[in-house]
Amino acid sequence: MADFFISIQIWPWLAYLAAALIQITLIVTLVAAGSLLFIWLERKVSGRIQDRLGPTRVGGKFGWLQTLADGLKLLTKEDLMPEGADEFLFKIAPYVSFCASLSAFMAIPFAGGEHPFVALHLNVAVFFILAVLGLEVFGVILAGYSSASKWSLFGAMREAAQVVSYEVPLGMCAVVPVLLAGSMDLVVIGDRQAGSFLNWYIFHDPFTFVIFWVYFTCATASVNRAPFDLAEAESELVAGFHTEYSGLRWSFFFMAEYGSMLAVSLLASILFLGGWHGPIPVASFLGLTFDHGFWYGVAGNVLGTANIIVKGIIGVTVMMWVRWTFPRLRIDQVITTCLKYCVPIAAVMFLGATFWQYKWPNGITGGQSARTYSVREQWSAPAVPAAAKPAEKAVKIEPQPLTTAMGIARTE
Amino acid sequence: MTQLTLASILTQPVGVSHYLIVGAVLFVCGALCMATKRNALGVLMGIELVLNGANLNFIAFGSPYLRKASETMGLDGQLMSLFVIVLAAAEAAVALAIALNFYNSFNTIDVDRADQLQG
Amino acid sequence: MEDPIYWPSFFFLLFSAIACAFAVAVVVTPNVVRMAFYLVLSLAATAGLFFLAGADFVGAMQIMIYVGGTLVLLIFGVMLTSQDRFISMKTSNFELGMATGVGVCLFILLAVAARSIPEWHGLTAQQVAEIPLEPTAAPLGMGLLGARVDSPDRSGYLLIFEIISVHLLVVLVGAAYLARARRSRSGFSLTSDG
Amino acid sequence: MTLQTLVNNLTSDTMNVSLPLFRPELIICATIVIMLIARIPRFTSWLDSFWLALLGAAVAFYYAIPAGGIGAIGDVQRQELFTGMLAYDSLTVFFRLFLVAFAFWFIILVRLTGLADRQDGQDFYTLLLGATLGMCIMASANHLMTVFLGIEMASVPSYVLAGIIKGRRRASEAALKYAVYGAGAAGVMLYGISLLAGITGSAHLPTIATKLAAMDLPALVAANGSSTLMVLVLAGLMIMVGLAFKLSAVPFHFWCPDVFEGAPAEVDAFLSVASKAAAMALLVRVAFGLGTIAPPTAPPIAAHKIPAVAVAYQQPAATTAEAPASAAVAAQANTASPNINTQISSAALAPVRRFIVLVLAIVAAITCTFGNLAAYGQTNIKRMLAYSTIAHAGYMIMAVAAAVYLAGSRPADARDAVAALVFYLCAYVFMNLSAFAVVAFLRNTLGSEEIADYAGLIRSAPVTATAFTGILVSLIGIPPLVGFVGKFAIFKALVVAGGPIMIALLAIAGINTAISLVYYLNVAKKMCIDPPPANRGTVSIGVMPAIYMLIVAVPALVYGIIPGRILEIATHATQQLLM
């Protein structure tokens, strides 16, 4: 986007700033509007599951303004802080959580192609997102510790143990699509799954099918959702780490939670569910690709963005469904699930997927041969003398150091 | 030496030496932490800072963007810092287990109270 | 249009200021949890510096393993061992002063050394722009498997990559041993504790 | 070179050269994993993991023996394994045999004393083998990363070993001190490594040496106040901090007495022998790696070093107009590689050697003197032996100083100096392993580790007391025992080296030997002359422990009288050290 601003002849720094501001606005809006929607959705889903209607009064038929009304109520609430709390940490904790959850969206692409819709096109986006989402735990820990309440502290301790454990299987699961695509760039991973839904990595082979569910379980645990919501287990710990929070600070934790739910769902849909590619390649039928022209591509990308957001919402809805269906696990069961089930299953499936990729690199349908992009092939290209080899060949793995990606380097 | 002025830093790319100075700050802070903190976990945090100072050096020496045409460490820098991160994690895990063990015996984590053995 | 400010340097200053300021804060604060929090910020800013130097994979790993793993572990330890609500242990002023003196001397030495070697000074913006962009993750992966695509004459890291897994296994066994509940030993007499 | 050839070379090099020569370490790794897996089906309930560990060590020892048997250590060809990460030469082979054999005997010891019983044995052996693995890597390190990795791999399990007795206050304190100081020293060392690697642009020790030689150091020294020199000195000193910690050299010795007192005596034996031997080997590697040009490697590896300018990966860069710095750098590194360019004389490295010798000499002199003086007032036998360990480290560092001093001018004599060190280490095994074994056995029967409680031991346990007295005499270095031969070899190396520094070291070593007489003989006197306390019952360490003690202690006498065999091995072991 910055290139576009530069092309209309303004100062580079202003161009970058403008591009950054637009992207920030879009992301913040998405997360904020998203959590408004999700809170409403959660109430509706839980209501239906419990055989009641959920909110109906505020804002017409579906009660869709209920969350906004709640938000206003939260804003007007008194900001309480327990006596004996560590003031600085208590105040900063919600923002830490919120920032971590929001930063993950920086690197999530919403559409691919030549001009991907992504704020920060990173070479190592998969691990960047997992890493940044992992930072959310600090907010929880600090909140729990600084509240000077034993319930909060218990919640924080559980959270720390849980998140550190679940990061291991989560990473192992995320490695599988990386392996299949031969890149850690989410744009590349998403675009490898173009075409029909048969090309999605979840259907690549039986191992990836299993590992998708492992990923979903671990992701649910890592964002602290039921049945893994031990940090806030309201039946035992009052409200866990946010027992002592009220008003706006409390709502920041809430937004962080819904933000990271959406983030892991989006990540799941990029890694396994084809990302911005629909089950049927409608966009390419209509000719909405960058091959036909810039604006055609943009139109296709807008379609893709809608696609991936729908997938993300579906993922979040499933998490809600799970929350209101399953009983909460005990802390030892949570750790057992991670160490005795998720890790071994993920490890075996990883090996299996590796083997499958080695044996049948074209996938189960054979339909991926045209798009297969394996590191192996690229690296072991036949020996061509240095000069004769076309230059584009080796640069295929999009080099994208952050300096340019952040839009701050190289005044071209 | 004139390059140290703020204006010149803002208009020119930084070099290895700037990174080294940041690394030196981290190193010295870590060393101070190790020397002055009485909490065993505080000492461990000091060690993490020292390791990070070294890591920053490795990254700076390996980066092609930061120094004149003389030889960089190439990928050696990144690879070594990667391993250092992993080794630091392993070391922290063991040190933490030992610290908890110490706490179980002494009911404190104050290293100055570790005076059963006169060095 | 000409841009007077070189932005990567601006971000370098920003990140390094955060890293250094919080590193100093780690030393100064007596509260252990705050120390950990400042350390998190300092190390995260260091990861930002890694990104700026073109080491994006290492930066991501720094956040993931160091900040997200090691430091959570440390804070976990702090919480397990805190008897008082907010443990803070103050060092004596004399000790702190002396250590600071030595530390400042050391820093000056290191800083002078860093500044005085001409090869370590930066390039011009023009030269930086001319350096071809190269991906980092794939060559790093090849390096871990032993093939150095950046310069074939250098050593590959296959051995370390593999043997470090054995090391991690041993270390985990050791940590698990220490963390396990104590049991009485039979037939093993020890001197009494003083 | 294209990527294909690069990968092919790597594969053939790894499969045909590196892995076969790395077999002992691989077997140790396999043993660790098997011990872990054996626990899952409760296999260990009917098979003690002791046997697994012992078998693993024995097999590793078998594979560590070079093709022509132990006597043929000298025939081993110097090679670089894993593309330069490890050096494989006669010294590597020797230290591998040494460490694995020590692990073997040590496993039997902990079994006999009951430290590693059926339930916890598996963890203990895992940690022990893991540390041994790290020490093997230390002994063959050829790259700054392997230096650091080896130290970490050897240290971190040792921290746990020091605190292996849970719930005992002193043990947990020892472990905490060891871990905190150890990690701090490693951090400082890493910072030094980063500076050294940064200024030379490489982390491969022989390449660093050639780079240093190319820097024209004598001119820099003459210029006086060069900043490059300052960085080098800083880096060298910081690396020395890490090494000194592992060597328990003054001023980084303070952990040693505390850890030795807090940890069980068996673990002390491990720390004082294996850990020290590995640290000595690493010191030799680093000092010789930086101070001399590495001798040429055997052909199989050299053949792989095909000159290469552009790799497939760099082709786009190479084809574009601006000549990429990295390709030029690669070419430059290639020509500077020691295999191609051996004519760089090691005279250019004289300043490096001078620096190393100076640092080592000062450290050695202080370490030796301090260890001996501090050992005086000790009442706890483990503390006393800890200070004795420090003092012995001083003697051994002297040998390294002499070797580096001689390395430039008289390679043969330098080799002899290292051979003296190797012999000393061999003697040291017999002395220290048996000393700590006796302490452990006596602790099990007497329930005490105080020197005062050993009074009159000769009457209730004559064999043990006699053996212990013999070991103490050997530690002093009095003739018919092996300690004398070792000390004599080192003194001889110092004399051969000549020069004021070496002669001063010789004098200090001589005075120290005289000092050490007192505190060793004090213990002997307590045991043999003082009357036993009235209330002591029978003191019997048991039959198996007695046999074990004799097996490890008797060689101290035998090899003292006929040292030829070990001397021969030591000479062979150091054969390929210099050009």
Side-chain angles (χ1 to χ4, degrees), chain B residues 1 9-22 24-26 28-29 31-33 35-36 38-39 41-42 44-45 48-49 52 56 59-60 63-68 70 74-76 78-79 81-83 85-86 88-90 92-94 96-101 103 109-110 116, chain C residues 5-6 9-10 12 16 19-20 23-24 26-27 32 35 39 43 46 50 53-55 58 61-62 65-66 69-70 73-74 77-78 80-81 89 91 95-96 99 103 106-107 110-111 114-115 119-123 125 128 131 139-140 143 150-151 154 157 160 164 168 171 174-175 178-179 194:
Chain B
M1 282 297 154
I9 286 184
L10 277 176
T11 50
Q12 284 170 4
V14 293
V16 173
S17 52
H18 298 94
Y19 269 77
L20 287 192
I21 289 173
V22 180
V25 171
L26 294 187
V28 169
C29 286
L32 282 179
C33 243
T36 58
R38 287 170 54 206
N39 188 313
L41 295 164
L44 286 180
M45 291 181 201
E48 306 297 333
L49 271 180
N52 260 274
L56 201 58
I59 294 289
S63 171
Y65 306 107
L66 298 177
R67 65 190 292 182
K68 303 225 170 80
S70 67
L75 281 183
D76 274 331
Q78 292 189 34
L79 285 163
S81 58
L82 208 54
F83 286 117
I85 291 174
V86 176
V94 163
L96 191 68
I98 289 174
L100 291 184
N101 213 23
Y103 176 76
I109 198 73
D110 184 349
Q116 298 254 310
Chain C
I5 291 183
Y6 189 72
S9 295
F10 170 76
F12 168 83
S16 56
C20 296
V24 173
V26 168
V27 180
V32 188
M35 257 177 88
L39 191 62
L43 298 194
T46 315
F50 289 1
V58 183
M61 284 299 124
Q62 160 103 351
I65 303 178
Y66 230 122
T70 311
L73 214 60
L74 274 181
V78 171
L80 281 178
T81 54
M89 296 180 186
T91 350
E95 219 176 290
L96 202 64
L106 187 62
F107 171 71
L110 288 170
R115 289 299 304 173
E119 292 95 40
W120 289 353
H121 290 180
L123 300 165
V128 172
I131 297 175
L140 268 183
D150 59 329
S151 57
R154 290 172 184 262
Y157 285 67
I160 297 180
I164 214 167
L168 290 179
V171 161
L178 287 180

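By convention in this document, chain letters (A, B, ...) are assigned in the order of the sequence lines, proteins followed by strands, and residues within each chain are numbered from 1.
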Non-hydrogen side-chain atoms of C:Met61 and B:Val86 separated by less than 4.5 Å
no
Under 4.5 Å heavy-atom distance to chain B, tell me which part of C:Phe12 shows up: side chain, backbone, both or neither.
side chain
Indicate yes or no: at least one non-hydrogen side-chain atom of C:Gln62 is less than 4.5 angstrom from one of B:Asn52.
yes
Chain B: which of C:Ala111, C:Ala55, C:Ser16 shares the most heavy-atom pairs with it under 4.5 Å?
C:Ala55
For the candidates B:Val16, B:Leu75, B:Val25, B:Ile59, which exhibits the highest count of non-hydrogen atom pairs separated by less than 4.5 Å from chain C?
B:Leu75
May I ask you to name which of B:Cys29, B:Ser63, B:Gly42, B:Gly15 has the most heavy-atom pairs under 4.5 Å with chain C?
B:Cys29
Exercise: identify the closest heavy-atom pair between B:Leu41 and B:Ala99
CD2-CB, 4.5 Å
Which answer fits B:Ala89, side chain, backbone, both or neither, if we ask what part of it has an atom under 4.5 Å from a heavy atom of chain C?
both
Where does B:Ala90 contact chain C at under 4.5 Å (heavy atoms): side chain, backbone, both or neither?
both
Less than 4.5 Å to any heavy atom of chain C: does that hold for the side chain of B:Val28, its backbone, both, or neither?
side chain
Find out whether C:Met35 and B:Cys33 are in side-chain contact, i.e. whether some heavy atom of one side chain is under 4.5 Å from a heavy atom of the other.
yes
Pick whichever of B:Leu26, B:Leu79, B:Leu82 has the most heavy-atom pairs under 4.5 Å with chain C.
B:Leu79
Which residues share a side chain to side chain donor-acceptor pair (under 3.5 Å) with B:Tyr19, sequence neighbours left out:
none
Of the listed residues (C:Leu110, C:Thr46, C:Ile164, C:Val58), which shares the most heavy-atom pairs with chain B below a 4.5 Å separation?
C:Val58
Answer yes or no: is there a side-chain heavy-atom contact under 4.5 Å between B:Leu100 and C:Leu178?
no
Quick check: closest heavy atoms across C:Ser9 and B:Val14, and the distance to 0.1 Å?
OG-N, 3.5 Å
Of C:Val24, C:Leu73, C:Leu168, the largest count of non-hydrogen pairs under 4.5 angstrom with chain B goes to C:Leu73
